[in-house]
Amino acid sequence: MWGRFPQKAFSDRSGQRTMSSTTPNTIPTGSVTYYNRVLIRHLANHVGQVVELYGWLYNRRSSGKIHFLEIRDGSGLVQGVMGRNDVDEATFALADHTPQESAVKVSGTVSQHPKTGAVELHINGFEVLSQAGEYPISHKEHGVGFLMDNRHLWLRSSRQHAALTIRSELCLAIHQYFHQHGFVQVDAPIFTPNACEGTTNLFETAYFDDKAYLTQSGQLYMEAAAAAFGRVYCFGPTFRAEKSKTRRHLTEFWMVEPEMAYATLDDVMDVAEDFMVYLIGHVLTHCRPELATLERDVAKLEAIVKPFPRISYDEALELLKQHGSEEQQVPWGEDFGGDEETVISNQFDRPVFIHRYPTQCKAFYMKEDPTDPKKSLSVDMIGPEGYGELIGGGQREDDLAVLEQKIAAHGLPKEDFEWFLDVRRYGTFSHGGFGLGVERTVAWLCGLHHVRETIPFPRLLDRLKP
RNA sequence: UCCCCAGUAGCUCAAUGGUGGAGCAAUCGGCUGUUAACCGAUCGGUUGUAAGUUCGAAUCUUACCUGGGGAGCCA
């Protein structure tokens with residue numbers, strides 16, 4: 001069903017016409033005159049008034065004696081109407097020949113469509129500030145490769161604008177949630193001296209006369225920070241040099257990673273659940289027009305309420321036995337693949353926690369289950385509709401001796417982890433946390449097929465430009 | 001790293017081994033309420049690269065390059 005998708009860059013035209021109305025009328029007006037300019041997304045509050053807009057010509061239609069000029073300004077999209085008698089002859093002819101995406105200044109009276117009632121602008125002033133060259137992205141369908149080559153221009157089209165607006169709102173909600181709950185933002189470094197988890201492939205870079213690696217997680221640093229601040233989180237880009245070639249993978253992606261002092265596995269699940277419900281609520285409250293543009297079935301998001309089901313890894317294996325195919329049977333001790341996760345998540349109408357994975361398939365810093373050392377106090381949150389792992393986390397190993405032994409068992413250089421072991425030497429404490437992948441979450445909330453559309457400039461295997 | 005598919009006009013796609021076309025874009029013209037507007041005309045090509053088979057290759061073969069889909073790995 002996913003197949004190749006010739007993308008209609010402008011395929012949202014049947015939906016809401018506004019590109020965004022995220023925070024109506026919250027832009028401050030004051031002494032900075034720039035802020036006094038009227039934005040398209042606020043035009044509904046100016047019906048009957050004469051306004052001046054600065055933007056770009058998004059599309060143009062004409063019936064000979066009347067032009068329909070669609071103007072966008074980054075905040076929204078409005079149809080301008082220019083009748084033969086509204087402007088002088090030269091301006092009328094100019095408007096008919098202005099190329100798509102030219103920078104324009106227009107003025108006129110805000111009005112409403114005689115039939116649909118949609119807000120529009122009756123133009124009596126039209127000035128081309130900069131005529132655009134032939135714009136590569138047309139109003140017809142395009143292939144993904146072409147659109148990605150023109151990602152810097154593709155951002156201007158409505159679907160991309162909507163998805164990235166939702167991303168921005170999601171990031172805002174993430175910060176709001178943690179600050180409302182007493183977390184301190186502690187940023188982790190991007191250059192790191194060693195592999196955080198020692199397993200996956202890292203990007204290596206020159207660091208003067210030494211080598212450095214791009215971080216794959218701020219996790220270990222957050223553990224140290226939790227001892228300083230109690231509740232902490234980091235939010236930033238992370239890097240994986242995996243040669244993954246799927247719709248769920250980027251080589252550069254954003255993660256938010258909270259870490260909580262004196263938290264147990266159950267605490268981690270409670271917080272992750274509360275956090276996710278908050279994020280969905282925020283997007284549902286603030287991004288209705290964008291969700292409509294993306295034609296997202298919001299009923300599926302509105303159905304996400306507490307509590308989320310919590311099943312153990314062992315119970316997940318049972319579910320696979322009941323509902324999975326022959327090939328989807330996983331022997332105990334192995335992690336699930338994407339297909340297995342989808343089978344499990346399809347049994348529920350909301351995200352599902354899978355906890356207590358086998359110790360062998362989780363990172364060395366996961367605490368062993370005191371009742372069974374073969375299991376770890378780890379947890380993943382699997383999103384519905386096949387979006388896979390949205391959150392991974394758990395309770396951390398807080399015993400110095402156990403951790404030293406695990407670092408040795410994983411073949412990691414102990415000297416690189418001395419600072420990390422210090423967290424256990426000086427007042428060790430139970431703690432836990434999780435990481436949430438921003439792009440996968442945005443893809444799920446937007447109902448997008450591929451995470452590459454959820455980040456402004458995606459970095460993929462074989463794609464480093466633009 | 002492995003498997004599959006595709007590279008033809010700026011874009012999206014056609015074309016039994018036998019004269020490479022259409023829609024959109026662009027350019028020109030027509031139309032007073034259009035919604036990816038519509039109608040007419042014009043413009044547009046070293047068929048990804050290299051070699052091979054053949055009287056003849058966009059079409060068949062091989063290699064390479066690029067892109068897409070999937071797997072593994074992972075978030």
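In the text below, chain A, chain B and the rest are named by the order of the sequence lines, each starting its count at 1. Because only heavy atoms are used, hydrogens play no part in the values below, and waters and symmetry mates are left out as well, while side chains stay in. A quick note: this is a predicted structure, and the numbers were derived from the prediction, not measured.
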How long is the line joining [atom1] of [X] and [atom2] of [N], in whole Å?
X: A:Glu389; N: B:rA75; atom1: CD; atom2: C1'; result: 6 Å
X: A:Phe336; N: B:rA71; atom1: CZ; atom2: P; result: 17 Å
X: A:Ile71; N: B:rU34; atom1: CD1; atom2: P; result: 19 Å
X: A:His450; N: B:rG70; atom1: NE2; atom2: C1'; result: 11 Å
X: A:Glu141; N: B:rA22; atom1: CD; atom2: C1'; result: 13 Å
X: A:Tyr58; N: B:rU35; atom1: OH; atom2: P; result: 16 Å
X: A:Asp462; N: B:rC65; atom1: CG; atom2: P; result: 11 Å
X: A:Phe203; N: B:rC74; atom1: CZ; atom2: C1'; result: 13 Å

Tell me what [X] touches on the nucleic acid: a base, only sugar-phosphate, or nothing, going by heavy atoms under 4.0 Å.
X: A:Leu250; value: base
X: A:Thr116; value: nothing
X: A:Pro114; value: base
X: A:Gly437; value: nothing

Say we look at [N] and [M]: how far apart would their [atom1] atoms be, to the nearest angstrom?
N: B:rU59; M: B:rG48; atom1: P; answer: 8 Å
N: B:rG23; M: B:rU1; atom1: C1'; answer: 41 Å
N: B:rU34; M: B:rU12; atom1: P; answer: 31 Å
N: B:rG10; M: B:rU47; atom1: P; answer: 12 Å
N: B:rA9; M: B:rC3; atom1: P; answer: 29 Å
N: B:rG17; M: B:rC24; atom1: C1'; answer: 31 Å
N: B:rC11; M: B:rA26; atom1: P; answer: 15 Å
N: B:rA36; M: B:rG44; atom1: P; answer: 31 Å

Quick check: any donor-acceptor pair below 3.5 Å linking the side-chain of [X] to the base of [N]?
X: A:Glu70; N: B:rU35; value: no
X: A:His249; N: B:rC74; value: yes
X: A:Glu120; N: B:rG33; value: yes
X: A:His113; N: B:rU35; value: yes

Do [X] and [Y] get their side chains close enough for a donor-acceptor pair, meaning under 3.5 Å?
X: A:Asp380; Y: A:Tyr357; answer: yes
X: A:Gln79; Y: A:Glu120; answer: yes
X: A:Ser345; Y: A:Tyr387; answer: no
X: A:Thr264; Y: A:Asp266; answer: no

Selected nucleotide, minimal atom distance to [X] side chain, candidates [options]:
X: A:His142; options: B:rA75, B:rC11, B:rG69; result: B:rC11
X: A:Asp339; options: B:rC11, B:rG33, B:rA71; result: B:rA71
X: A:Val144; options: B:rG68, B:rA75, B:rA36; result: B:rG68
X: A:Ile66; options: B:rU32, B:rU34, B:rC74; result: B:rU32
X: A:Ser62; options: B:rU12, B:rC31, B:rC74; result: B:rC31
X: A:Lys140; options: B:rA36, B:rA75, B:rG69; result: B:rA36
X: A:Asn85; options: B:rU34, B:rU32, B:rA75; result: B:rU32

Do [X] and [Y] make a side-chain contact, defined as non-hydrogen atoms from C-beta onward lying under 4.5 Å apart?
X: A:Phe353; Y: A:Glu273; answer: yes
X: A:Phe253; Y: A:Val451; answer: no
X: A:Lys367; Y: A:Glu397; answer: yes
X: A:Tyr365; Y: A:Glu223; answer: yes

[X] vs [N]: side-chain N/O to OP1/OP2 distance below 4.0 Å:
X: A:Lys65; N: B:rU32; answer: yes
X: A:His97; N: B:rG29; answer: yes
X: A:Arg463; N: B:rG68; answer: yes
X: A:Arg247; N: B:rG69; answer: no

What do you reckon, do A:Phe68 and the base of B:rG33 stack, with centroid distance below 5.5 Å and planes below 30°?
no
What one should report as the nearest heavy-atom pair of A:Gly74 and A:His161 is O-NE2, 2.7 Å
Encoded 5' to 3' (Watson-Crick or G-U under 3.5 Å; [ ] crossing; | other strand), RNA chain B becomes (((((((..((((....[..)))).(((((.......))))).....(((((..]....))))))))))))....
Would you tabulate the pairs of protein nitrogen or oxygen atoms and nucleotide nitrogen or oxygen atoms of nucleotides 1-10 of chain B closer than 3.5 angstrom?
| unit_1 | atom_1 | unit_2 | atom_2 | d |
| --- | --- | --- | --- | --- |
| B:rU1 | OP1 | A:Lys243 | NZ | 3.2 |
| B:rU1 | O4 | A:Lys243 | O | 2.9 |

5'-most by nearest nucleotide on RNA chain B - A:Gln112 or A:Lys362
A:Gln112
Could you check whether A:Glu315 pairs with A:Lys321 (Lys NZ or Arg NE/NH1/NH2 to Asp/Glu carboxylate O, under 4.0 Å)?
no
Please determine whether the number of non-hydrogen atoms from other residues, nucleotides or ligands lying under 6.0 Å from atom CZ of A:Arg296 exceeds 12.
yes
Show your working on side chain to side chain donor-acceptor pair (under 3.5 Å) between A:Gln160 and A:Ser157 and close with a plain yes or no.
CA-CA 6 Å; A:Gln160 302 309 307; A:Ser157 62; 5.2 Å; no
Aromatic contact, A:Phe417 with A:Phe364 (centres under 6.0 Å):
yes
